Q: 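Can you keep this structure in mind? I'll have questions shortly.
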Amino acid sequence: MGIIVYYSFCAVCSLVLLFLILFLIKQHNALHILFFIFVCAANFGYLLLALSASLSEALLANQITYLGSFLPILIILANSEFCKIKLPKPFVVLLLSLNAVQLFLVLSIRYSQIYYRSAYLGKYYGVSYLIKDYGPGHTYYLLLLLSETLFSALVVLYAILKKKNVAYVTVSVLSVGFFATVMVFFLERHIQLEVELVPVSYMLISILYLIISYRDQTYDIGTGIASVYEEQKNYVCISLDRKLRLMDYNKNASLVYPEVDAVHIDSAQYNKASNFYSDIILWVSHIKDGGDSELEKIIPVGDRFYKTSIRIRPRKLGYVVEMIDDTDFQNNLQLMVQNMKDLKVAEQTAMEASRAKSQFLANMSHEIRTPINAIMGMNEMILRTSDDTRITEYAGYIEEATGSLMSLINDILDFSKIEAGKMEIVETQYRLSAMIRSVVQMMSPRAQAKDLTFRTTVSPSLPDKLFGDENRIKQILINILSNAVKYTRKGYIHFAVDGEIAEENTVTLRFSVTDTGIGIRDEDIGKLFDTFERLDSRNNRNIEGTGLGLAITKRIVDKMEGTLTVDTEYGKGSTFTVTLEQRITGVGNVGDWQQTDPREHRSRERVTIQAPDMRILVVDDNRMNLKVIEKLLSDSQLTLDMAVSGQEAISKAIATDYHLVLMDHYMPDLDGLSAMQQIRKLNPAYESIPFVALTANAISGSEEFYKNHGFSDYLSKPVIYNDLIEVISKYIP
Ligand code: ADP
């Protein structure tokens with residue numbers, strides 16, 4: 001009974017092993033499965049033999065057990081696979097033929113005496129077994145078994161000697177199992193036992209085979225690899241077990257890392273100086289030890305870039321390193337990064353150039369203003385003192401030309417400010433009526449000089465007290481009105497101001513300027529607000545201009561969040577309309593806008609200051625500028641002192657108490673700001689006396705700047721006589 005249990009146990013175990021290999025191993029190898037099927041069948045053969053009642057039954061069962069005689073050839077094939085040796089075809093054919101002869105001999109058992117000369121059924125404790133007298137067929141089997149054992153050993157030896165990649169552990173385990181089975185087989189033949197030991201050895205070798213197959217999953221790089229990648233050119237795949245032993249790799253891996261060919265499969269003996277070690281093994285070992293969580297990185301190899309990733313196999317069976325040739329993308333990326341860097345440098349250079357340009361323009365403007373100041377000041381003196389009409393006529397031309405020059409400089413300066421994004425809107429409280437009056441007073445004489453009718457209509461109900469950038473609005477209107485005058489030969493110019501109360505405390509002002517001038521062609525309207533763009537150059541050849549006015553105007557309007565539109569008919573005339581929203585700060589309407597404020601109108605001849613006790617210190621490093629001020633104030637009765645440097649100003653302030661100081665800003669050694677600060681510290685009286693900045697620094701926002709820095713007022717050069725008188729009169733003690 002115990003013997004039956006023994007055979008049954010071996011048979012059932014073999015069956016379980018067959019199922020295990022089917023379910024445990026994901027990728028099945030036909031050789032493995034066949035091996036397990038044969039073992040299972042052979043072990044069931046032994047059980048049937050033990051249970052058989054007659055000799056013929058026993059012989060049939062015995063034939064089934066001989067399925068085990070084909071296991072050696074399966075092991076040889078598997079071994080050569082593990083050793084990565086491709087057996088020559090004739091060898092395989094020879095082996096198969098020799099096994100086919102064995103099959104034929106086994107099948108002949110019940111019909112001839114080649115295999116067994118005689119066979120009897122024996123009983124051992126009620127269990128059947130065969131008593132055989134072996135014939136030459138069986139000797140053939142023994143020889144076959146011996147030669148196959150030898151051949152298998154030779155394959156392994158060959159692989160080791162030729163330094164092929166040998167899966168040592170696998171091959172050794174398999175060889176041990178195989179030799180053990182063969183030994184058991186020969187032992188049995190020698191001692192003639194009633195109970196067969198072979199089923200146990202089959203079972204053992206099956207268990208070994210199962211373990212190997214399970215491990216073998218780490219060899220098989222195909223397992224679990226995203227097949228998309230496999231298709232890719234230069235795709236590299238390397239399989240490592242959990243101890244970082246090299247398990248398998250594809251052909252591309254040895255092209256990328258030739259040193260991998262020198263590493264034995266199933267070994268972790270890497271050449272530490274090799275790229276393969278430093279790129280891959282070190283990195284995987286960092287991840288393995290938890291020191292590096294990065295599972296993907298770009299590895300440069302030669303002139304290629306590989307996007308490399310590590311996958312940890314399920315159940316921590318090992319690691320798969322996959323590399324995809326990512327050179328094109330990486331090169332593009334590097335190109336992009338380089339382009340970005342170049343762009344940044346170019347941007348930096350452009351910004352520096354722009355800054356240099358703005359600085360240059362500011363300096364230029366400052367430098368040009370100083371001599372113009374002298375020209376205008378002296379010209380003013382000629383106009384005011386000469387009785388010779390020819391001379392005053394010439395001086396009038398000079399005044400006109402210097403005026404144009406000034407507006408040109410202002411335009412360029414404004415433009416550079418806008419370009420540099422530095423143009424600011426400075427809002428203050430102002431009266432709409434006064435603003436309109438000042439614009440009309442400036443523009444209507446120009447229109448009249450060209451025999452053009454200048455009409456102004458202002459809606460009297462508009463609120464008068466507003467909050468906004470009065471100077472900028474004036475600049476917009478003067479620009480548009482100047483153009484209307486410039487580009488109209490005959491007819492009229494109509495300046496209209498109206499608007500609507502938009503919401504509480506705000507009014508949308510609408511300024512429109514209509515002329516009967518040359519008009520603008522439809523195709524030119526798009527270019528109207530472009531910088532340095534002058535239209536219709538044939539018609540406009542004799543009209544002065546830079547093409548900057550409207551570009552600046554448009555940008556100022558935009559900055560104020562207003563609108564600027566044009567309605568024009570070529571040859572007939574144009575209407576430019578500006579809308580701007582302004583805050584209302586007080587009650588009162590514009591009413592009769594022409595009602596002038598007595599302070600606004602001063603004739604050149606009449607206005608002087610008679611204040612002999614008022615001591616004024618004028619500070620400027622340019623002696624010509626000092627002369628201009630002195631001459632402009634020569635009709636007034638004032639006590640004037642001049643200083644040509646900040647230091648001299650301080651000395652004079654120590655010696656005399658002044659009621660007012662007109663101070664230039666940029667001076668060598670000590671500038672106007674520092675000089676003022678030092679004078680203010682001299683004695684308590686100076687802490688509160690007015691300082692007026694007198695400077696060629698006329699960029700917009702300058703007034704704010706000086707007022708914020710302790711000046712009471714600001715006068716830009718060239719100094720306008722009326723402005724000078726107005727400022728001084730404010731501070732008469
Ligand atoms: P410019 O300094 O040349 O006057 P602007 O920027 O002020 O520069 O104007 C650009 C161009 O638009 C002018 O050269 C002119 O051709 C055209 N233009 C501007 N205003 C008028 C107008 N009222 N009538 C006809 N053409 C105009």
Side-chain angles (χ1 to χ4, degrees), residues 361 365 368 400-419 423 439-440 442-457 471-497 510-560 562-580 700:
L361 287 172
S365 136
I368 294 171
E400 216 172 276
T402 44
S404 308
L405 194 56
M406 277 311 300
S407 82
L408 182 66
I409 290 169
N410 286 339
D411 270 3
I412 291 177
L413 211 65
D414 265 347
F415 175 66
S416 71
K417 280 220 83 163
I418 290 169
E419 282 261 284
M423 191 192 65
V439 170
V440 172
M442 187 187 256
M443 297 313 302
S444 74
R446 289 202 209 170
Q448 278 150 18
K450 278 185 81 178
D451 278 337
L452 300 170
T453 312
F454 191 94
R455 254 188 303 142
T456 309
T457 41
N471 289 332
R472 288 293 181 193
I473 300 175
K474 264 194 207 170
Q475 191 179 350
I476 293 168
L477 298 176
I478 290 167
N479 257 334
I480 296 173
L481 284 163
S482 303
N483 278 348
V485 175
K486 271 201 299 189
Y487 300 106
T488 306
R489 293 196 186 96
K490 58 178 192 309
Y492 66 86
I493 286 154
H494 182 200
F495 176 39
V497 186
R510 188 167 42 247
F511 303 94
S512 65
V513 177
T514 305
D515 63 51
T516 52
I518 58 172
I520 299 159
R521 280 189 290 229
D522 283 350
E523 62 266 34
D524 285 340
I525 289 180
K527 295 186 262 176
L528 199 58
F529 304 120
D530 291 351
T531 46
F532 300 109
E533 193 72 61
R534 303 209 65 210
L535 316 173
D536 204 1
S537 50
R538 207 162 47 87
N539 254 333
N540 293 342
R541 204 174 314 136
N542 299 324
I543 303 171
E544 250 183 50
T546 52
L548 270 179
L550 282 182
I552 293 170
T553 305
K554 174 83 173 96
R555 282 162 181 77
I556 300 173
V557 171
D558 286 347
K559 184 91 182 172
M560 291 176 148
T563 63
L564 168 59
T565 52
V566 59
D567 184 12
T568 176
E569 196 174 333
Y570 189 55
K572 292 230 166 108
S574 325
T575 300
F576 284 79
T577 308
V578 175
T579 62
L580 292 170
S700 66

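We count ligands from 1, going down the list as the structure has it; atoms in each ligand are counted the same way. The shown structure was predicted, so the numbers you read here are calculated from the model rather than taken from an experiment. Just the heavy atoms: all of them, side chains too, but no hydrogens, waters or symmetry mates, feed the values below.
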Q: Can you find an N or O of L528 that's nearer than 3.5 Å to an N or O of ligand 1?
A: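 It does not: no N or O of L528 is found under 3.5 Å from an N or O of ligand 1.
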Q: Where on D515 is there a heavy atom closer than 4.0 Å to ligand 1, on the side chain, on the backbone, on both, or on neither?
A: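 Side chain only.
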Q: Answer whether the closest heavy-atom distance between the side chains of T402 and M406 falls below 4.5 Å.
A: no
Q: Considering Y487, F529, Y570, which one's heavy-atom position lies nearest to atom 22 (C) of ligand 1?
A: Y487
Q: About how many Å separate CG of D515 and CZ of R489, when rounded to the nearest 0.5 Å?
A: 11.5 Å
Q: Heavy-atom distance under 4.5 Å between the side chains of M443 and L477, does that happen here?
A: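 No - every pair of side-chain heavy atoms lies 4.5 Å or more apart.
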Q: What atoms of ligand 1 come within less than 4.0 Å of a heavy atom belonging to I518?
A: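 It comes down to these atoms of ligand 1: 25 (C).
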Q: Give the atom numbers and elements of ligand 1 that come within less than 4.0 Å of a heavy atom of L548.
A: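 Listed by number with element: 6 (O), 8 (O).
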Q: Just by distance, with hydrogens left out, do T577 and S512 show a side-chain donor and acceptor under 3.5 Å apart?
A: no
Q: In terms of atom number and element, which parts of ligand 1 are under 4.0 angstrom from non-hydrogen atoms of S574?
A: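 Within the 4.0 Å cut-off of S574, ligand 1 contributes 24 (N).
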Q: In plain terms, say whether K527 and D524 are close enough for a salt bridge, that is, a side-chain N and a carboxylate O under 4.0 Å apart.
A: yes
Q: Starting at OH of Y570, measure out to CG of D522 and round the result to the nearest 0.5 Å.
A: 11.0 Å
Q: Looking only at heavy atoms, is any part of I520 under 4.0 Å from ligand 1, and if so is it the side chain, the backbone, or both, or is it neither?
A: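 It is the side chain that touches ligand 1; the backbone stays farther off.
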Q: Has G517 got any heavy atom lying under 4.0 angstrom from an atom of ligand 1?
A: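 Outside the 4.0 Å threshold, so no.
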Q: For ligand 1, which atoms have a heavy atom of K486 less than 4.0 angstrom away?
A: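 What qualifies from ligand 1 is 1 (P), 2 (O), 4 (O).
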Q: Going by atom types alone, do T579 and T563 pair a side-chain donor with an acceptor below 3.5 Å?
A: yes
